[in-house]
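Here's the structure, in structure tokens; my notes come after.
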Amino acid sequence: ILSVDDWFKYAPPKMGERHWKDGRSAKELARSWFRTEFASPPEELRLLLEGAFLTEMEFDEARPECIIELDDFRGEHRNCDLVVLCRAGKQRIAINIEAKADEPFGDSTVGAYYDQKLNSSSNVPKRIESLSAALFGKKPDALIRSLRYQLVHSVAATLIEAAAHKAEMGLFLVQEFYSASLNSMKLQQNRTDWTTFVRAFPELNNVEVDKNQILGPISVPGGGRVKNSIPLYLGSFVSIVVS
């Protein structure tokens, strides 16, 4: 992938041209990696990582539209907007980047999706129970049911991908693309959903959740493909869309 056009040609978003528009997250993610003639990490990403891990970053690989299998069940798995493999000193980091303008974190909460599929032949309830146990050590309670399902399986996929690449850390990052055309109420809802999700982890229960930060490490119980030996970090950062 040598340009924004190549990005769309070889790794288009799930809905194709419908989601490939100026100001929307899929296209702006590609643009953020091609601000110069050659592909390079957005400067705000580099600064965020270097500030959090207190060392220069070396970037090895970036793979857009990366599919990560969550388990052995059939059906759709996790489609990551971008997986980045990099190093902070000698420590390898697998980063799962979720790009957002003012699009929501998926269509439903854990509880709504679980109930929708409960009396069907779908494996979704079993998957949700498995992910809940792996990340939180219990079946979905009221708090877990209130979380956005996209965030739950995104974080699980982050740790799965980190293990696959023998990384010492897994980092889930939300890259927020801000422009004047965005809906402020949708942005606020995303911020609320993100804060609720971050604070669902016991280590981060009382943290101040803000923009342009990385929080962690978090230790998860693990289970299935999600390993408990890899520290988890959560973060978000803002990229300004220039018209």
Side-chain angles (χ1 to χ4, degrees), residues 41-42 44-63 66 68-71 77-78 80-99 105 110 127-128 130-138 140 143-144 147-176 193-237:
E44 60 271 30
L45 171 60
R46 181 187 294 277
L47 292 174
L48 178 73
L49 295 172
E50 290 179 352
F53 299 113
L54 303 178
T55 186
E56 291 186 1
M57 303 300 301
E58 292 189 38
F59 292 84
D60 298 320
E61 184 179 357
R63 292 182 289 128
C66 178
I68 298 173
E69 292 189 357
L70 299 170
D71 44 45
H77 289 265
R78 172 62 190 154
C80 303
D81 290 339
L82 184 67
V83 168
V84 178
L85 304 177
C86 60
R87 284 167 288 150
K90 294 183 178 180
Q91 291 192 303
R92 291 161 293 184
I93 308 175
I95 305 175
N96 176 2
I97 293 179
E98 176 69 24
F105 288 109
V110 169
R127 172 174 288 167
I128 287 176
S130 175
L131 294 178
S132 179
L135 295 180
F136 303 106
K138 55 187 175 182
L143 173 58
I144 296 170
L147 304 179
R148 303 298 296 186
Y149 180 57
Q150 185 184 81
L151 291 173
V152 171
H153 65 69
S154 295
V155 166
T158 302
L159 292 173
I160 293 170
E161 190 71 358
H165 292 279
K166 297 181 172 58
E168 281 79 22
M169 292 180 279
L171 168 59
F172 176 69
L173 274 179
V174 179
Q175 184 173 2
E176 302 175 273
D193 290 338
W194 175 244
T195 299
T196 301
F197 178 73
V198 169
R199 290 179 177 170
F201 293 91
E203 295 97 326
L204 303 179
N205 182 251
N206 294 310
V207 299
E208 187 69 29
V209 181
D210 206 347
K211 304 168 187 174
N212 300 310
Q213 70 175 174
I214 292 176
L215 298 168
I218 301 164
S219 297
V220 303
R225 299 187 181 187
V226 179
K227 305 301 181 185
N228 63 2
S229 57
I230 301 174
L232 170 67
Y233 292 80
L234 304 174
S236 69
F237 67 104

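All values below come from the heavy atoms of this structure, side chains included, with hydrogens, waters and symmetry mates left out. Numbering starts at 1 and runs along the sequence shown.
Considering CD1 of Ile230 and CZ of Arg92, their distance stands at 10.0 Å, rounded to 0.5 Å. Expressed to the nearest 0.5 Å, how far CE of Met169 lies from CG of Leu232 amounts to 11.5 Å. Here the CZ atom belonging to Arg225 is positioned 8.0 Å from the CG atom belonging to Leu70, to the nearest 0.5 angstrom. Atoms CD1 and CG, from Ile97 and Asp81 in turn, are 9.0 Å apart once rounded to the nearest 0.5 Å. We find the CZ-CG distance between Arg63 and Leu85 to be 5.5 Å, quoted to the nearest 0.5 Å. Here the CG-CZ distance, from Leu45 to Phe59, works out to 4.5 Å after rounding to the nearest 0.5 Å.
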request  = Give the intermediate values and the outcome of side chain to side chain contact (heavy atoms under 4.5 Å, CB included) for residues Val84 and Leu173.
outcome  = CA-CA 10 Å; Val84 178; Leu173 274 179; over 6 Å; no
- Evaluation steps, side chain to side chain contact (heavy atoms under 4.5 Å, CB included), between Arg87 and Asp60: CA-CA 8 Å; Arg87 284 167 288 150; Asp60 298 320; 2.7 Å; yes
Please walk me through it: do Leu159 and Leu135 pass side chain to side chain contact (heavy atoms under 4.5 Å, CB included)?
-> CA-CA 10 Å; Leu159 292 173; Leu135 295 180; 4.3 Å; yes
Practice prompt. Would you sort out whether Phe105 and Val174 count as a side chain to side chain contact (heavy atoms under 4.5 Å, CB included), showing the intermediate values?
Written response: CA-CA 10 Å; Phe105 288 109; Val174 179; 4.0 Å; yes
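Using a 4.5 Å cut-off on side-chain heavy atoms (C-beta onward), Gln150 and Glu98 make contact. Side-chain contact check for Glu161 versus Cys80: every heavy-atom pair is 4.5 Å or farther apart. Proximity of Val209 to Leu204: side-chain heavy atoms (C-beta onward) are nowhere separated by under 4.5 Å. In this structure, the side chains of Lys138 and Ile144 come closer than 4.5 Å at one or more pairs of heavy atoms. Inter-residue side-chain proximity for Leu131 and Tyr149 is flagged as met; some heavy-atom pair is nearer than 4.5 Å. Counting heavy atoms from C-beta on, the side chains of Val220 and Val155 never come closer than 4.5 Å. Looking at heavy atoms from C-beta onward, Ile128 lies in side-chain contact with Pro140 at the 4.5 angstrom threshold. You'll find the side chain of Ile93 reaches within 4.5 Å of the side chain of Met57, heavy atoms only.
Considering every non-hydrogen atom in both Thr158 and Ala94, the closest pair reads CG2-O, 4.1 Å. Between Asn96 and Ser154 the shortest heavy-atom distance is ND2-O, 3.1 Å. Of all heavy-atom pairs between Glu168 and Lys90, the closest is OE1-O, 4.2 Å. Scanning all heavy atoms of the two residues, the minimum distance from Val152 to Val110 falls at CG2-CG2, 3.8 Å. The nearest pair of heavy atoms linking Ala134 to Val226 is CB-CB, 3.9 Å. When all heavy atoms of Leu48 and Ser236 are compared, the closest pair comes out as CD2-O, 4.2 Å.
Environment of CD in Glu208: sparse, with no more than 12 heavy atoms of neighbouring residues, nucleotides or ligands closer than 6.0 Å. Dense packing is recorded around CD of Glu50, with more than 12 heavy atoms of other residues, nucleotides or ligands lying under 6.0 Å away.
The aromatic rings of Tyr233 and Phe53 sit perpendicular, their planes meeting at an angle over 60°, well past the 30° parallel limit. Between Phe197 and Phe136, the angle of the ring planes goes over 60°, which puts this pair in the perpendicular group of the 30/60° scheme.
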